[in-house]
Amino acid sequence: VDGTVDLRSDTVTRPTRRMRAAIAEAEVGDDVYGEDPTVNRLEAMAAERCGKEAALLCPSGVMANQLALRTLARPGTEVLVEADAHLVNYEDGAGAVLGGVQFRTVPSERGVLDPEAVAAAIRPDAYHLTPTSLVAIEQTHNRRGGTVTPLERVRAILGEARERGVATYVDGARIFNASAALGIPVAGLVEDADGLMFSLSKGLGCPVGSVLVGSQDAIERARLWRRRYGGAMRQAGVLAAAGIHALEHHVDRLAEDHANARRIADELDGTGAVEAERVETNMVYVDTGTLDAPAVASQLAEDGILVGALGPATLRLVTHLDVDTDACVRAARAIGELLSAFG
Ligand SMILES: Cc1ncc(COP(=O)(O)O)c(C=O)c1O
């Protein structure tokens, strides 16, 4: 709007004019009574798109993840996740506090779990052990650069769990990005999962919301827990209308975000700061070497370029529908100049 290029996250998008019009025109009712037609429509669309029986609109991705832990895992058991997963790193200990579970983390290459490592880490149900009740993957993997777990790998990881009677879950906050990168519909990526969530408020460009998807039975239990967690909403059709608009108009365009991320990586090629093969979707991680990443981010902010500093030498840039190719190139060139001037 004001010339600022905000690449901190794909959560910073503002609803487009057409999305605002869809919100304004939404038919609504009281969703606690099950009477909001727009919420019901979004939930039906989401379930169908993911190839599952039912869906539940949630106020946030964290709540959807926590509802999954509460309904797919059991208190007093372990949930197996990749070591840098959002579930264990960025949810303020909610899995322990609300879900009564502990996490067992498995390190990986690029956020993509190794099925053998997963199999080895699953603990059986035995009197003296903490059994594994759920295996979760993150698709795409946020902290590891928006990386994608390929379909064969998804099948192998979740297959190891299913063989052992362990439930399966996909934290698919950005699963539509994975779907775009792989050219595989979301339903095809989650066939072996008992549940998944996807975010409306990230690459899909909505102001609020994530959707939990799974079996009728799991979603009914999650609906009860959503109420307990304070997440039951009333005329939520205003949010659902944005979600429907996004599913209809903002999915195919994710390829543009991926092309823009690649463009940033290409601009920075030669600086040694970006591992180009890691740029699989809408994220670019930049290694600032000996330069202090937060200081680099502050310097860029003075020029109206906002990026995330994720560590002492790591910047994260995320492309989304509010930044075009020119803005991305401008940001990449500014970073390149800083790195070559001071690096
Ligand atoms: C992989 C992943 N899961 C869950 C979430 C949580 O979503 P929210 O911020 O809507 O609670 C995020 C948010 O960044 C995420 O990246």
Side-chain angles (χ1 to χ4, degrees), residues 6-15 42 46 50 55-70 72 79 81-95 97-99 103 105 108 110-113 134-149 154 169-179 181 186 189-190 193 195-213 222 225-226 229-231 233 236 239-240 242-243 246 254 257 261 280-285 307-310 314 316-320:
D6 193 345
L7 293 162
R8 290 171 300 167
S9 175
D10 47 11
T11 57
V12 302
T13 57
R14 295 176 176 100
L42 170 67
C50 299
L56 183 71
L57 175 62
C58 298
S60 69
V62 169
M63 188 183 285
N65 273 347
Q66 291 307 317
L67 292 174
L69 294 182
R70 204 67 187 70
L72 298 177
V79 174
V81 292
E82 199 280 331
D84 281 316
H86 198 280
L87 273 164
V88 64
N89 287 282
Y90 295 116
E91 303 197 3
D92 301 273
V97 176
L98 303 174
F103 290 103
T105 56
S108 76
R110 307 173 27 253
V112 177
L113 284 163
L134 183 71
V135 168
I137 64 172
E138 187 169 311
Q139 181 80 297
T140 64
H141 198 300
N142 177 357
R143 176 83 207 179
R144 298 302 292 274
T147 46
V148 178
T149 301
V154 172
Y169 178 63
V170 177
D171 174 353
R174 296 183 179 81
I175 198 161
F176 282 93
N177 293 88
S179 164
V186 170
L189 287 176
V190 296
L196 79 142
M197 81 87 164
F198 66 86
S199 290
L200 296 166
S201 58
K202 301 196 170 75
L204 296 184
C206 295
V208 177
S210 284
V211 185
L212 182 68
V213 191
W225 281 100
R226 184 188 65 172
Y229 288 172
M233 298 175 281
L239 306 179
L254 289 171
D257 297 344
E280 298 178 31
T281 56
N282 67 334
M283 294 187 184
V284 185
Y285 275 63
V307 300
L310 257 68
T314 308
R316 186 186 75 165
L317 284 66
V318 188
T319 58
H320 52 76

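Whatever order the structure lists them in is the order used to number ligands and atoms, beginning at 1. In this text the structure is predicted, and so the values were computed from the model without any measurement.
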Residue portion contacting ligand 1 (non-hydrogen atoms closer than 4.0 Å) for [X]:
{"X": "V62", "answer": "both"}
{"X": "K202", "answer": "side chain"}
{"X": "T11", "answer": "neither"}
{"X": "M197", "answer": "side chain"}

With heavy-atom distances below 4.0 Å as the criterion, list the atoms of ligand 1 near [X].
{"X": "R174", "value": "15 (C), 16 (O)"}
{"X": "G61", "value": "6 (C), 7 (O), 8 (P), 10 (O), 11 (O)"}
{"X": "N65", "value": "3 (N), 4 (C)"}

(request) Tell me, with the steps shown, if R143 and H86 meet side chain to side chain contact (heavy atoms under 4.5 Å, CB included). (result) CA-CA 8 Å; R143 176 83 207 179; H86 198 280; over 6 Å; no

Heteroatom proximity flag, [X] to ligand 1, N/O under 3.5 Å:
{"X": "N142", "result": "yes"}
{"X": "A173", "result": "no"}
{"X": "D171", "result": "yes"}

(request) In sequence, state the C-alpha distance, the side-chain angles, and the governing distance for Q139 and L196, and then conclude on side chain to side chain contact (heavy atoms under 4.5 Å, CB included). (result) CA-CA 10 Å; Q139 181 80 297; L196 79 142; over 6 Å; no

(request) Test R174 against every option in T281, D10, N282 by the side chain to side chain donor-acceptor pair (under 3.5 Å) rule and name the one that passes. (result)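 Per the side chain to side chain donor-acceptor pair (under 3.5 Å) rule, the option paired with R174 is D10, out of T281, D10, N282.
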
(message) What I want to check is whether the side chains of S210 and S199 have a donor and an acceptor closer together than 3.5 Å.
(response)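 Yes, a side-chain donor-acceptor pair sits under 3.5 Å.
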
(message) Tell me whether R144 is salt-bridged to E138, with the criterion being a basic N under 4.0 Å from an acidic carboxylate O.
(response)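 Between E138 and R144 there is no salt bridge, as every charged N stays at least 4.0 Å from the carboxylate O atoms.
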
(request) Check the pair L204 / L254 against side chain to side chain contact (heavy atoms under 4.5 Å, CB included), numbers first and verdict last. (result) CA-CA 8 Å; L204 296 184; L254 289 171; 4.2 Å; yes

(message) Among all protein heavy atoms in this structure, tell me which lies nearest to atom 6 (C) of ligand 1, with the distance rounded to 0.1 Å.
(response)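 Looking only at protein heavy atoms, the one closest to atom 6 (C) of ligand 1 is H86 CE1, 3.5 Å.
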
(request) Please report the closest heavy-atom contact between Y285 and L310, naming both atoms and the distance. (result)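 For Y285 versus L310, the nearest heavy atoms are OH-CD2, 3.3 Å.
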
(message) Can you give me the closest heavy-atom contact between V208 and P59, atom names plus distance?
(response)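 Smallest heavy-atom distance, with atoms named: CG1-O, 3.5 Å.
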
